[in-house]
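This structure is in structure tokens; I'll ask about it shortly.
Throughout, a chain's letter reflects where its sequence line sits, starting with A, and its residues are numbered from 1.
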There are 2 protein chains.
Amino acid sequence: MIMKKTKVLSLDHHSEASILETAKSVFLKRGYFGTRMQEIADAAGINKAMLHYYFRSKDKIFEAIFRESFNCIFPKILEILNSDEMLKQKIQSFFSRYIDTLLENPHIPGFIMHEIAHNPERLNSFFQQHLADIPKKFIKQIKDEIDAGNIIKIDPRQIIVNILCLAVFPFAAKPLIQYVLNLKDAEYKNFMNDRKKILPEFVIRAIKT
Amino acid sequence: MIMKKTKVLSLDHHSEASILETAKSVFLKRGYFGTRMQEIADAAGINKAMLHYYFRSKDKIFEAIFRESFNCIFPKILEILNSDEMLKQKIQSFFSRYIDTLLENPHIPGFIMHEIAHNPERLNSFFQQHLADIPKKFIKQIKDEIDAGNIIKIDPRQIIVNILCLAVFPFAAKPLIQYVLNLKDAEYKNFMNDRKKILPEFVIRAIKT
DNA sequence: AAATTATTTAACCATTTAGTTAATTTCAAA
DNA sequence: TTTGAAATTAACTAAATGGTTAAATAATTT
């Protein structure tokens, strides 16, 4: 039974996209197993059957949302690390742009990390060859700077991991950091914004000769 | 109906502790909602009813395991950061001891972060007053070093967060890091062990004047 | 050994959950 | 205005899940 979707705006203007947006907020907050189809339906203000009518199954919705979240995060890393900027400028760009992205999608890091920990095989279907070697160019760049004597001798992979740590972790651990440092939402946001300036300086000081 | 537990070793020598240990491995891998009581029972080689006989409910088991995991991680941070060592020595101790702890319990960071993101109120019942001000002493120490001109002017909280980022994140993101850097388990472990030496140098270079 | 208490099991229960169905309503085109 | 497809709903199903029970077995005490 094939259904043509001639995209007629429904009575309550619930587009496929807006339902998916709602589903995303639920999945990101609760994780796959913590999410109930009924909760998505309620949040979207539609009947549960409509969810299946549009998206077939929970897995299908999840898959779409995971893909979207993943693609919101990783291509950007690739793009920045593969740019032709100088190392110092690149590090600055990375933190600035990446923290901005995460401030707008604070749940994504925790979501992706948890779901990948739970189902690592998923990585295979998401990373294509062109993504699998993300760090190659950046690694070469670091190596060149080491050879030129501009930065200290250090495994380039360790630098990459450190940069990712510093950018991503505070989002994944947001509730903990807010609690321990006693930060309200606005203060937390300020704290993260400060990091856009602090982190490049921190990393560059740590590695320059 | 009160039951005295006169601790008789059961036929198949399934002690309460060993069952809890099994439950822990399942909860840590799957998270609260991903865990099935039947799976714990199977893994422990006991009847599902026995789980309830010993521990009453899924929540009770989870609570015990979360508490244990939490206490495996946080008091150690407190202990090291509240020691009387000099700043440099303290940073070295922290990374070395903490990474060792996490190498033995690699699932805990992701587990705790996910469960806290899902239920932040839990923090209130776990952090007591004496834990809530963990960073106070360390913050003072950093301030003093800044005033003495030994380290650069920087919000001490940012340093604390950076140190935590660098130590904890690679465990929470283990599958991702292994995939992107193409590391087998043994190589990943070596990579983490290297960090015990690299990270203190990295942080100290970043902040010293 | 008899009686009592603790442990273990299989079968069961109530609820929740993802997913289905069949009937109804809405909408647009003819 | 009729018609046919798309959108929507309520009621349903089958499976899974946390939890219970009552009976059986093992261990301990008397």
Quick one: do the A/E187 and A/N182 side chains pair a donor with an acceptor below 3.5 Å?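 The criterion, which ignores hydrogens and geometry beyond distance, is not satisfied for A/N182 and A/E187.
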Residues within residues 21-29 of chain B bordering DNA chain C, heavy-atom distance below 4.0 Å: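 When residues 21-29 of chain B is checked for heavy atoms under 4.0 Å from DNA chain C, there are no hits whatsoever.
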Just the table, please: protein N/O against nucleotides 18-21 of chain D N/O, every pair under 3.5 Å.
unit_1, atom_1, unit_2, atom_2, d
D/dG18, OP1, B/T35, O, 3.3
D/dG18, OP1, B/K58, NZ, 3.2
D/dG18, OP2, B/M37, N, 3.1
D/dG18, N7, B/K48, NZ, 3.3
D/dG19, OP2, B/H52, NE2, 3.3
D/dG19, OP2, B/K58, N, 2.7
D/dG19, N7, B/K48, NZ, 2.7
D/dG19, O6, B/K48, NZ, 2.7

Does the structure place the NZ or CZ of A/K58 under 6.0 Å from the centre of the six-membered ring of A/Y32, at an angle of no more than 45° from the ring's axis?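 Relative to the ring axis of A/Y32, which defines the angle, A/K58 lies inside both limits.
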Spacing between A/M50 atom CE and D/dA10 atom P, to the nearest angstrom: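 In whole Å, D/dA10 P lies 12 Å from A/M50 CE.
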Report yes if the distance between the aromatic ring centroids of B/F27 and B/F62 is under 6.0 Å, otherwise no.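 Yes.
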Let me know the distance between CZ of B/F55 and C1' of C/dT7, rounded to the nearest Å.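 Computing the B/F55:CZ to C/dT7:C1' distance gives 14 Å.
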Would you say B/N162 and B/Q158 are linked by a side-chain donor-acceptor pair, where the criterion is simply a distance under 3.5 Å?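 No donor-acceptor contact under 3.5 Å links the two side chains.
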If every non-hydrogen atom of A/K60 is compared with every non-hydrogen atom of A/F55, which pair is closest and at what distance?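 For A/K60 and A/F55, the tightest heavy-atom pair comes out as CB-O, 3.1 Å.
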Establish, from distance only, whether the side-chain atoms of A/Q38 and A/D42 form a donor-acceptor pair under 3.5 Å.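 Per modelled atom types, A/Q38 and A/D42 side chains form a pair under 3.5 Å.
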If only side-chain N and O atoms of B/Y53 are considered, is one of them under 4.0 Å from the OP1 or OP2 phosphate oxygen of C/dA6?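 B/Y53 to C/dA6 OP1/OP2: no side-chain N or O under 4.0 Å.
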Please list all pairs meeting salt bridge (charged side-chain N to carboxylate O under 4.0 Å, His left out) that have one or both residues in residues 77-103 of chain A, counting only residues at least two apart or in different chains.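 Counting only pairs at least two positions apart or across chains, the salt bridge (charged side-chain N to carboxylate O under 4.0 Å, His left out) contacts touching residues 77-103 of chain A are A/E79-A/R97, A/D84-A/K137, A/D100-A/K196.
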